[in-house]
Each structure stands twice: as C-alpha cells, then as structure tokens.
Amino acid sequence: MKLKNTLTRKIEEFVPLREKEVGIYLCGLTVYDRMHIGHIRSFIPFDILVRYFKYKGYKVTFVRNFTDVDDKIINRALQEGKTAQEIAETYIKLFYEDISHFELAKPDFEPRVTENIQEIIELIQKIIRNGYAYVSDGDVYFEVDKFKDYGKLSGMSKDDMLAGARVEVSEKKRNPLDFALWKQKKYDYEPSWKSPWGEGRPGWHIECSAMSMKYLGETFDIHGGGQDLIFPHHENEIAQSESATQKTFVRYWLHAGHLFIGGEKMSKSLGNIITVPQILNMFHPEVLKLFIIKSHYRSNIEISGIEDIKKEEKTLVNFYYNIEFLVDKLKINHEEINKVEPDESAVSNFEKALEEDMNTPEAISIIFSEYDKAIREGSKYTFLKFLKFLNVASDILGVFGRIQVLGRTSFIEDEIRRRCEQKGYNYEEICSLIEKRNELRKEKRFQEADEIRRKIMEIGIYLQDTELGSRKIPV
RNA sequence: GGCGACGUAGCCAAGCGGACUAAGGCAGGGGACUGCAAAUCCCUCAUUCCCGGGUUCAAAUCCCGGCGUCGCCUCCA
C-alpha cells in the first residue's frame, strides 16, 4: 500500500510498525453543530482505508474522537442557555444518527475529551517537565521556540507563520505562536476541572495527542483528517507529543481534500453548508458516497450544483437496474454466486488501484469495465464471476453492493419506495396500477397504458417494458 | 508576503517517461430492438492533455518561464 505522507510530501510504501497490524487515528468532530457533507467527505477515505487493511488481513485499531470541550461548544451553550455538556451530548447523538446512514466502519474507540482529562493533565505535566511548556497565570503554553522541528508538517518556518500575523497576541505568551495546553477558568459557565495549575480546561490540540497515544501508543502508524487540520492542529499535536515522549509521534499523516460549493470551501463559518438531513432528503446516501469516491481523496471537490450529485444517482440506477435485470433473467441465486471465484485479474487490478494511494476513481473504472464485459457477454458464468468480484469490491468501497442477491437491500427497491413515500403514494398502490397497465397493454389499449406510465413518471418512476415484464426505473 | 495544490473532451474525473492512436461516469449524435418509450445492444464522441521553451530515442507525464484557478498561514473535516 502506497500512501501520500503529508510529512514527507511523498507517496511512500506503507510499512506498519508491527507486522500485519495498523493503528489509525482520525480526527473526529468538535460537537457544537450538526455535521455536514464536508465531514462525510473526509471520513470516507479513512473508512475505505480501514476496510482495505482488514480485507488484507491486518489487525486494525481504529480510533475516532469527539472533541466535547471547546470554545465553540461553550459559546453555543451560552447562546442557547444550556450547559456545554448538554450541547455536546445533543450533537453527539445527532452525529450518530447522521453518520449511521453512510455505513462507515465503526471505530474501535471513540474517546471524548471529558473522559480523558487525567490523561491530558499528565501529558501536559510531562511536557512541562521536559522543558517545552510554561505556566503563565493559570494557563499553560507550549513554547514553540523550544521545539526545533516546529513547522515540519505544514512546511512553514516560524517566520512564515508570524508573517501571517493573525495569531493571537497575549502578554501571557512568550512568543505569539505559543499555544495553550491548558486554559484557566474565567467564567462560571465554563466547564472546568482541577489541575496542578488551578481550575481550567484543556486547550485545543492536546486532547488528540493524549487520546491517540492512549489507545495507539506513543508512536503509531496513521493519523488523518481534513486538510485544514494540517496547521495548526496537527502541527501542534506533533510538537506536544514529540516533546513529551522524545519519539516520533505519527509515521504517516494523511489528509483529505475539501468540498467546495460555488467556488468556496464549504464551512460553517461561511454558512454554505449542506447538512446530512438535507442531502438525505434529496438522495440515497450511496449517491453522495459515489460522488465523493469518484474523485481522489486528496483533491478538492467542487459542487457547482445539485445536478452534479444527481448524475451519480443516474449512474447507480443504470448500474443496479441492469444487474438486477440480468440476475432475474439468468435466475441467479446467492448459492450460485458463492460457488464461483471472483475474476482474478479484476481483483488484482482493483487492489492495485487502491494500493496506489487509494485511487478510488481508478478502482471504480475497473468495476465499470468488468461490469460492461459481464453485461455484454450475458453468459451466466461470466456474470456470476462478476457478481463475486463486485461482492469483494463493494465491501471495500461501500458502493455498488446494494443488490438483493448479494444478501443486501436493493438500491432500486429503496429508491422506488422512497419516491412513493415522498409523493404520498404507497408502494402496493403503484404496483397494482402497473398490473392494470399490463392488462391494458395485453388488450392493446396503448393510450390508456401510456397514460398510466405518464402518471407514474410523475412520481419519478419510469416503466420499462421488457421480456421479463414492466420494470421500474427510478429517474 | 510565506507555504502548498491544481489546470486533461460539453460536465465530472484517472493517467506517477514507452502497449496513450488518453481509463471510467454523465451528457450528446447515428442505428438496432420496441405498439411507443429516456432501459439494453452496436457504432460514434479529446490527432490531443492551459501557453511557450528545454531534457530525452521517447513527455499529458521530467525541468525552466509565463498565464490562470484555488487552499493554508485565524475557527474549520
């Protein structure tokens, strides 16, 4: 497996610390608001990475945190007249609800800041003891000038950072670039804990150092997140962790590109977000997944309009429709699929694509080439081999696997039902209407039959008459 | 100002010096099938990879110089 390491700026062969084992830490969310599809975008590549390692027989330890203590949570709580804890709980709950639709690999650990205060305090003490941090009026700051490698991840020198001149200046700090490890409590409404430096709470960044090392060790394999976390978040994590342990913190840093909308980065501060419930109202979650996966994980994805995403729905509909048609036509069942082996070259090409720094667009094109071959040839054996391959590929990518005969729910069926529901029809009602149309067609009363098709079309279902009868296509 | 990314068909998007007369998806065109039909099948759809130089037997791929988009340097996935 080759991966682009942000630290070295190179695509490197991944060699795990311990053979056939891999530790992965993914920066989760600060829970002060509902998640949007940009978050999903950055989670998906890591989901595929985890699945792929498992598929390859690795023992994977996957950690994804919740940052549940933070200024933004406190501010939100203040606005809504609630406690910070209530805000965090609310959004953690909504997070689980939102993310469940996307069927991402479940982390082995989901630590929260509030449950790791002791670990954080101990880590800060260690950093102070090693001479990299200082106490200043109840706050603790990391002293950037003491850590000679500061800037190695983002590729910036301290002078460069200062040139930006947008750092928070404070007389409590020795250098404007110094950042807080611990913040003294100032107001009653702030959540706080006792510490050797007085009542207070952890600064941003330190929690990820403490929690990742707790579950994965002082040095671990992979740490990931969105590109925007490179600086300052991940840069600071490195500084803190390495000055505490004097060891390499993370061996491979992976960063996912962002989602753009109308030429601007999707972000809460710009207010141009599409939330998960909004997108689910329009599309099946798999549509968004495909939209995301068809671009490389490091590239930014521009959404110029909702039609961009709609195109992927069309792709999925065509794909699934044709497969299900052949499944029915060839009368294929689950047992038969399990009797064949997947096409060897298809699997090896597919793996090769993913091993090249997770080239999912390439992997998808391989699925389509195989699909073309299988559909076109129409022989049962070739098609069975394709389905078996699809079973493997879709387990890793998390798309193209919603086929009943593979033991999953059917995408087409889901979409038909969803369209009925949205327009206030019940599924059975539509089915009997289709029956009626078939009768009319037998009697060659085509005008009336076409009228029914037109009516059903208004729900977003097109009726395609085939040798196997009328089939429903979501449009 | 500093650091970095990118510029491939109408749109999205692979390509990591030689099987590129450039994958794959969506859209488009022609034909077949069909009572009709946006599904399916067959054919077609970039002589060319932002521009200009250079290196090489060989470049979309490497180097230099332009031009153009964008991100990070402040909270952010």
Side-chain angles (χ1 to χ4, degrees), chain A residues 2 6 9 11 26-30 32-33 35-46 70-72 75 151 154-168 177 204 224-233 235 255-260 263-270 273 290-291 294-296 298-305 307-319 321-322 325-326 353 356-357 359-369 371-372 375-376 378 441 444-447 449-450 453-454 457 462-467 471-473 475:
Chain A
K2 288 190 186 137
T6 309
R9 287 159 195 76
I11 294 177
L26 174 62
C27 279
L29 299 186
T30 300
Y32 71 102
D33 206 347
M35 80 189 303
H36 61 250
I37 60 176
H39 298 125
I40 303 288
R41 190 266 177 280
S42 63
F43 279 14
I44 283 177
F46 296 96
D70 176 87
D71 288 353
K72 290 186 295 296
N75 289 338
S154 55
M156 293 189 290
S157 69
K158 279 170 231 158
D159 292 344
D160 294 340
M161 296 174 198
L162 274 175
R166 285 188 283 180
V167 283
E168 186 195 347
L177 294 174
W204 184 44
Q227 262 171 3
D228 52 355
L229 296 179
I230 295 173
F231 189 91
H233 188 56
E235 190 75 63
H255 292 98
H258 285 125
L259 226 47
F260 283 70
E264 281 180 312
K265 191 174 103 182
M266 181 177 293
S267 75
K268 287 175 206 167
S269 45
L270 287 170
I273 60 170
L290 178 61
F291 177 75
K294 82 179 176 61
S295 293
H296 186 88
R298 281 189 278 110
S299 53
N300 292 324
I301 304 174
E302 167 73 26
I303 303 175
S304 47
E307 322 81 62
D308 291 358
I309 303 176
K310 182 79 180 170
K311 281 178 182 172
E312 305 315 322
E313 182 184 80
K314 177 89 174 160
T315 303
L316 283 171
V317 166
N318 284 175
F319 181 83
Y321 173 84
N322 290 321
F325 182 76
L326 263 190
E356 285 294 330
D357 193 28
N359 194 339
T360 51
E362 177 73 23
I364 289 170
S365 85
I366 291 161
I367 293 177
F368 273 101
S369 304
Y371 154 85
D372 276 344
I375 297 273
R376 213 169 294 181
R441 285 186 66 230
K444 299 213 186 309
R445 291 156 70 182
F446 294 121
Q447 266 195 345
D450 286 351
R453 180 160 58 190
R454 201 193 51 72
M457 183 65 174
Y462 183 73
L463 291 179
Q464 181 69 40
D465 301 322
T466 75
E467 58 186 284
R471 298 182 72 94
K472 307 180 266 304
I473 305 179
V475 289

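Letters go in sequence order (proteins before strands), and every chain restarts at 1. Reckoned from all heavy atoms, side chains included, excluding hydrogens, waters and symmetry mates. Keep in mind that what you see is a predicted model, and the values were worked out from it rather than measured.
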Please enumerate all protein N or O atoms sitting under 3.5 Å from an N or O of nucleotides 69-72 of chain B, with distances to 0.1 Å.
| residue | atom | partner | partner atom | Å |
| --- | --- | --- | --- | --- |
| B:C72 | OP1 | A:Lys265 | NZ | 2.9 |

My understanding is that only residues two or more places apart in sequence, or in another chain, count here; which of them pass ring pair (Phe, Tyr, Trp, His ring centres under 6.0 Å) with [X]?
| X | value |
| --- | --- |
| A:Phe319 | A:Phe368, A:Tyr371, A:Phe400 |
| A:His296 | none |
| A:His258 | none |

Between [N] and [M], how many Å separate the two [atom1] atoms, rounded to a whole number?
| N | M | atom1 | result |
| --- | --- | --- | --- |
| B:A14 | B:G25 | P | 15 Å |
| B:G4 | B:G17 | P | 22 Å |
| B:A59 | B:C16 | C1' | 12 Å |
| B:G66 | B:C3 | P | 15 Å |

Tell me every residue that passes salt bridge (Lys or Arg N to Asp or Glu O under 4.0 Å) with A:Arg9, counting only those two or more places apart in sequence or in another chain.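 Here no residue qualifies.
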
List the residues meeting side-chain contact (heavy atoms from CB on, under 4.5 Å) with [X], not counting sequence neighbours, and say none if there are none.
| X | answer |
| --- | --- |
| A:Thr466 | A:Tyr321, A:Phe325, A:Gln464, A:Leu468, A:Arg471 |
| A:Lys2 | A:Ile11, A:Glu13, A:Glu356 |
| A:Thr360 | A:Ile48, A:Ile293, A:Leu354, A:Leu397 |
| A:Ser154 | A:Met156, A:Met161, A:Ile230, A:Phe231, A:Glu235 |

TODO: Before giving the answer on side-chain contact (heavy atoms from CB on, under 4.5 Å), spell out for A:Gln227 and A:Asn300 the whole-Å C-alpha distance, their side-chain angles and the decisive distance to 0.1 Å.
DONE: CA-CA 10 Å; A:Gln227 262 171 3; A:Asn300 292 324; 3.5 Å; yes

Margin query: Mind checking if A:Ser267 touches a base, just sugar-phosphate, or nothing, with heavy atoms under 4.0 Å?
Written below: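 Here A:Ser267 touches the bases of the nucleic acid.
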
*Minimum-distance nucleotide to A:Thr315 side chain [options: B:C26, B:A13, B:A77]*: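 The closest nucleotide is B:C26.
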
Please give the nucleotide sitting opposite B:G68 as a Watson-Crick or G-U wobble pair, both distances under 3.5 Å, or none.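 Here B:G68 is engaged in a pair, and the nucleotide opposite it is B:C6.
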
* Using both distances under 3.5 Å as the test, list the Watson-Crick or G-U wobble partner of B:U74, or none. =>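 When the pairing criteria are applied, nothing turns out to pair with B:U74, so the answer is none.
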
Nucleotides 41-46 of chain B: which of its N/O atoms have a protein N/O under 3.5 Å away?
| residue | atom | partner | partner atom | Å |
| --- | --- | --- | --- | --- |
| B:C42 | OP1 | A:Arg376 | NE | 3.0 |

Contact string for nucleotides 32-38 of chain B, one letter per nucleotide 5' to 3', B = base within protein heavy-atom range under 4.0 Å, S = sugar-phosphate only, - = neither, reads ---BBBB

Reckon A:Asn318 has a side-chain N or O less than 4.0 Å from the OP1 or OP2 of B:C26?
->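 For B:C26, OP1 or OP2 has a side-chain N or O of A:Asn318 closer than 4.0 Å.
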
### Message
Using OP1 and OP2 only, check whether a side-chain N or O of A:Ser299 sits under 4.0 Å from B:A14.
### Response
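Affirmative; the distance criterion is met.
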
Would you tabulate the nitrogen or oxygen pairs shorter than 3.5 Å linking the protein to nucleotides 18-20 of chain B?
none

Next on the checklist: Return whichever of A:Tyr321 or A:Ser365 has its heavy-atom-nearest nucleotide of RNA chain B closer to the 5' end.
Outcome noted: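 Result of the comparison: A:Ser365.
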
